[in-house]
Amino acid sequence: MAPSMVAAAADGKGFNGVEHNFAHLLKGVKYLSGSGISKVPEKYILPAQERPMRREAEPDPLKLIALPLLDFSELQGPNNDAALKSLSDACQDYGFFQLVNHGIPEEVTKGIVEVSKEFFEMPFEERSKYMSSDMYSPVRYGTSFNQSKDKVFCWRDFLKLTCQPMEEVLPHWPSSPPHMRRELAASYAKAAKNLSIALTGAIFRGLEIDQVEEHGAMIEEFKAGSQLMVMNCYPQCPQPDLTLGMPPHSDYGFLTLLLQDQVEGLQIQHRDEWVMVQPVPNALVINVGDHLEIFSNGRYKSVLHRVLANSTQHRVSVASIHTLSSNRTIRPSPSLVDDANPPRYKDTDFASFLDYVSSREPKNKDFLESRKVTR
Ligand code: OGA
Ligand code: NI
């Protein structure tokens with residue numbers, strides 16, 4: 001008997017005639033999916049009430065939503081009051097929007113999606129060089145949401161790359177596939193960073209706080225702020241109704257820029273329903289994160305979202321999460337707080353978020369909830 005079979009037999013959880021122990025599952029879903037299984041291992045099966053399936057009296061979970069579509073060139077141009085109003089409405093009512101004419105060349109967006117696919121197609125041994133449970137590691141490959149904490153695993157593998165300071169972290173990034181580092185990942189990361197700063201400026205103008213000196217200085221701080229690029233891989237799943245590609249969560253930063261291929265999967269919570277975001281060619285999906293909800297004192301919403309697994313198509317996405325540096329305090333903007341609108345959140349920072357998620361199973365919007373002022 002092969003050594004892996006001995007270990008698996010001791011674990012006792014068999015399926016499809018193949019034994020899979022926990023160590024095996026840590027190889028990730030790309031590996032599992034490639035091993036030709038026809039059922040998901042037990043570790044991926046969600047309790048019935050958390051599954052994405054249609055249940056009686058529940059709205060159709062595959063309902064599509066056309067997110068507000070914003071044109072970046074209009075946000076930047078003169079006479080942009082109407083565009084800024086649409087931006088503000090989108091952040092308030094949806095927490096999400098799609099951005100076209102964002103200025104990132106198509107060869108860069110296509111390139112980063114392609115190279116992400118290639119990374120996950122490399123042999124597991126090559127990918128596993130980048131495995132780390134250290135939340136501060138500049139490169140971290142893994143599976144599920146938080147593999148050391150999740151009771152139920154989700155159907156995703158990821159590669160997380162810290163992007164700041166670029167020249168320092170770059171040598172740690174994977175050297176294969178070829179072109180991964182400098183040509184593609186670095187050019188996309190830089191373009192995403194510039195775009196996020198321009199968008200933050202537009203958000204400040206939309207909130208009418210851009211003239212406040214403190215906020216001008218904040219834009220400068222964003223330039224040296226934190227950026228995490230997350231490449232997500234969702235391979236075909238034999239039983240997509242039993243599991244999720246990513247569980248409901250909100251993003252921690254100010255803004256997330258998400259590049260997805262044309263395969264549906266991302267759902268957001270809108271008016272108490274899960275709705276599927278319809279992919280728009282060449283658009284970026286942008287969402288408000290916890291730090292922007294806090295900074296806007298609750299005016300803009302960091303909305304819950306999740307990813308459905310899919311039985312027929314492989315899906316890849318690249319999220320770029322932007323915020324201030326990790327020790328910088330995030331608090332409601334003093335310009336948006338007064339006697340009638342007292343601060344609704346406690347001060348926080350990125351480091352305490354990392355401590356929080358390292359210490360427990362992350363769920364829903366727990367961290368943000370923990371920062372709310374209770375009266
Ligand atoms: C994320 C995320 C969504 C997706 O990486 O935080 O929500 O569609 N990704 O992959
Ligand atoms: Ni997210």
Side-chain angles (χ1 to χ4, degrees), residues 28-30 52 61-62 64-65 67 91 94-99 109 112-113 116-117 119-120 135 140-147 150 154-163 185 188-189 192 196 226-237 240 243-270 274-280 283-293 300-310 313-323 350 353-354 357 362-368:
V29 287
K30 180 79 180 133
L62 296 181
L64 285 172
I65 189 170
L67 289 177
C91 293
Y94 292 81
F96 270 82
F97 57 91
Q98 307 242 25
L99 190 69
T109 53
I112 186 78
V113 170
S116 305
K117 274 190 187 144
F119 176 83
F120 292 106
M135 292 275 189
R140 210 149 63 80
Y141 166 73
T143 191
S144 191
F145 200 58
N146 181 345
Q147 67 193 47
D150 300 342
C154 60
W155 199 262
R156 135 176 120 143
D157 295 337
F158 63 81
L159 176 68
K160 296 190 181 184
L161 302 176
T162 301
C163 306
Y188 179 71
S196 79
S226 129
Q227 178 182 8
L228 181 70
M229 194 156 68
V230 188
M231 294 159 176
N232 296 304
C233 161
Y234 308 98
Q236 285 98 328
C237 173
T243 190
L244 280 170
M246 215 188 281
H249 68 281
S250 61
D251 296 345
Y252 62 81
F254 257 76
L255 286 177
T256 302
L257 277 49
L258 182 84
L259 194 59
Q260 48 172 353
D261 57 17
Q262 292 304 298
V263 181
E264 283 168 9
L266 173 64
Q267 288 191 316
I268 72 167
Q269 192 137 79
H270 183 63
W274 284 110
V275 287
M276 182 78 85
V277 172
Q278 197 163 16
V280 171
L284 282 163
V285 176
I286 317 280
N287 65 290
V288 171
D290 295 352
H291 291 171
L292 180 52
E293 177 169 327
Y300 292 168
K301 299 293 179 311
S302 174
V303 162
L304 273 183
H305 51 286
R306 68 181 188 185
V307 178
L308 295 194
N310 175 324
Q313 283 171 294
H314 180 270
R315 177 169 183 271
V316 165
S317 71
V318 182
S320 182
I321 306 179
H322 303 262
T323 190
F350 181 42
F353 168 78
L354 286 181
V357 291
K363 262 213 151 133
N364 297 318
K365 291 174 67 167
D366 286 0
F367 179 70
L368 190 61

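Positions are given from 1, in the same order as the sequence printed here. For ligands, and for the atoms within them, numbers begin at 1 and follow the listed sequence.
Of the protein's heavy atoms, Asn232 ND2, 3.2 Å lies nearest to atom 5 (O) of ligand 1. Atom 3 (C) of ligand 1 has as its closest protein heavy atom Val307 CG2, 3.6 Å.
Every atom of ligand 1 with a heavy atom of His305 under 4.0 Å away is listed here by number and element: 7 (O). Short contacts between ligand 1 and Asp251, defined as distances under 4.0 Å to a heavy atom of the residue, involve ligand atoms 6 (O). The contact set between ligand 1 and Ala319, taken as ligand atoms under 4.0 Å from a residue heavy atom, comprises 5 (O). Taking every heavy atom of Arg315 and a limit of under 4.0 angstrom, the matching atoms of ligand 1 come to 4 (C), 8 (O), 10 (O).
Aromatic ring pairs are classed by plane angle as parallel below 30°, tilted from 30° to 60° and perpendicular above 60°; the pair Phe119 and Tyr141 is perpendicular.
Residue contacts with ligand 1 for Leu258 involve side-chain atoms from C-beta outward but no N, CA, C or O (heavy atoms, distance under 4.0 Å).
Taking all heavy atoms of Arg156, Met229, Met246 into account, the minimum distance to atom 2 (C) of ligand 1 is reached by Met246.
Remark: side-chain polar atoms of Asp251 are not paired, donor with acceptor, to backbone N or O of Thr256 under 3.5 angstrom. Counting only distance, with no hydrogens or angles, the side chain of His305 and the backbone of Gln269 share no donor-acceptor pair below 3.5 Å. Between the side chain of Glu293 and the backbone N or O of Ser302 there is at least one donor-acceptor pair closer than 3.5 Å. Side chain of Ser144 to backbone of Cys154: a donor-acceptor contact under 3.5 angstrom is found.
Contact annotation: Tyr234 has at least one heavy atom less than 4.0 Å from an atom of ligand 1. Using 4.0 Å as the threshold, His249 has a heavy atom nearer than that to some atom of ligand 1.
The Ni ion (ligand 2) lies at the vertex of an angle of 90° between the NE2 atom of His249 and the OD1 atom of Asp251 (rounded to 10°).
Ring centers of Tyr234 and His314: at least 6.0 Å apart, outside the cut-off.
The shortest non-hydrogen separation linking Gly28 to Thr143 is CA-OG1, 3.5 Å.
With respect to Arg315, the side-chain hydrogen bond (donor to acceptor under 3.5 Å, both in side chains) criterion is satisfied by exactly one of Gln262, Gln236, Glu264, Gln260: Gln260.
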